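Keep in mind that what you see is a predicted model, and the values were worked out from it rather than measured.
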Amino acid sequence: MTGQVRTVDGRVAGRRGQATRQKLLDCLGEMLSSSPYRDVKVIDVARKAGTSPATFYQYFPDVEGAVLEIAEEMAKEGAGLTELVSGRSWVGKAGWQTSEELVEGFLDFWRKHDAILRVVDLGAAEGDKRFYKIRMKILNSVTNSLTDAVKELQAKGKVDKEVNPAAMAGSLVAMLASVAGHQKGFQTWGVKQAELKPNLALLVHLGITGKKPTR
């Protein structure tokens, strides 16, 4: 954590207070991996962290407030996904490599933050603007870079002018997010991770370049 950490009533938390606050967040994060979001109670989080509900309320207004803190930190990390696309080549073998690395990075990020992303998706689907903004912050990091990539290819005459860059980029990122959140489901269809990635990368490459990749 950077900057000053404050309690709910505005006081600056000391080093021990910051450690307690982080432990509460870590314990909540672990609980979200094994329990439905709605079933997580303050008393259970506090007990797992070895402290009291009163201490929990010093740092967070409720479980949802703490979840939003975790989600915001996750979104900051998600902004780094743009590095998988920004300034990368989509021509020849380099284009196929870009597709593969984007898919791998996206799926890895989703697996790492699976529990909190499920809560973010739920909140966004229910119309909570706070969760919606967090979800869009993550998706925009890739969508904007992919939009620029399509525009650049159009400027070089490598992609049809009729293609709408933002529509194509947004569709591909929405597909990636959907697949990333359904990774375990592919196993029930007999699809292994090693088989999923290249096929997803193929779709991304076709969408961006309009061409079969050079491998």
Problem set entry | His182 ring center within less than 6.0 Å of Trp110 ring center | no
For this session: Look at the side chain of Asn164 and the backbone N and O of Ala167, then say whether any donor-acceptor pair between them is shorter than 3.5 Å.
Result: yes
Problem set entry | Geometric class of the Phe56/Phe60 ring pair [parallel <30°, tilted 30-60°, perpendicular >60°] | tilted
Exercise. Which class fits the ring pair Trp90 and His205: parallel under 30°, tilted 30 to 60°, perpendicular over 60°?
Worked result: tilted
For this session: Determine, stepwise, if the pair Glu69 / Arg21 fulfils salt bridge (charged side-chain N to carboxylate O under 4.0 Å, His left out).
Result: CA-CA 11 Å; Glu69 288 278 344; Arg21 182 181 185 276; 3.0 Å; yes
For this session: Could you verify whether a donor N or O on one side chain and an acceptor N or O on the other, from Thr82 and Ser145, lie under 3.5 Å apart?
Result: yes
For this session: With sequence neighbours excluded, tell me which residues meet salt bridge (Lys or Arg N to Asp or Glu O under 4.0 Å) with Lys156.
Result: Glu152
For this session: Not counting sequence neighbours, list each pair that qualifies as a side chain to side chain donor-acceptor pair (under 3.5 Å) and has a residue in residues 118-129.
Result: Arg38-Glu126, Asp114-Arg118, Asp121-Arg135, Asp128-Arg130
Exercise. Among all residues two or more places apart in sequence or in another chain, which pass the ring pair (Phe, Tyr, Trp, His ring centres under 6.0 Å) test with Trp96?
Worked result: none
Exercise. Do we see a donor-acceptor contact under 3.5 Å between the side chains of Glu195 and Asn199?
Worked result: no
Exercise. Are any side-chain N or O atoms of Ser35 and backbone N or O atoms of Leu32, one a donor and one an acceptor, separated by less than 3.5 Å?
Worked result: no
Exercise. Out of Lys197, Arg215, Glu100, Lys212, which one pairs with Leu202 under the side chain to side chain contact (heavy atoms under 4.5 Å, CB included) rule?
Worked result: Arg215
For this session: Work out which heavy atom in Ala49 is nearest to a heavy atom in Leu24; give both atom names and the distance.
Result: CB-CD2, 3.7 Å
Exercise. Would you say Gln154's side chain and Asp160's backbone share a donor-acceptor pair under 3.5 angstrom?
Worked result: yes
Exercise. According to the interplanar angle, ranging from 0 to 90°, do the rings of His113 and Phe109 count as parallel (below 30°), tilted (30 to 60°) or perpendicular (above 60°)?
Worked result: tilted
Exercise. So, Ser141 side chain and Gly78 main chain: donor-acceptor pair closer than 3.5 Å or not?
Worked result: yes
Problem set entry | Under 3.5 Å donor-acceptor, Gln183 side chain and Leu107 backbone | yes
Exercise. Is there a donor-acceptor contact under 3.5 Å linking the side chains of Glu101 and Gln97?
Worked result: yes
For this session: Check step by step if side-chain contact (heavy atoms from CB on, under 4.5 Å) holds for Leu122 and Phe131.
Result: CA-CA 8 Å; Leu122 175 63; Phe131 286 113; over 6 Å; no
Exercise. When you measure from the side chain of Thr188 to the backbone N and O of Lys184, does any donor-acceptor pair fall under 3.5 Å?
Worked result: no
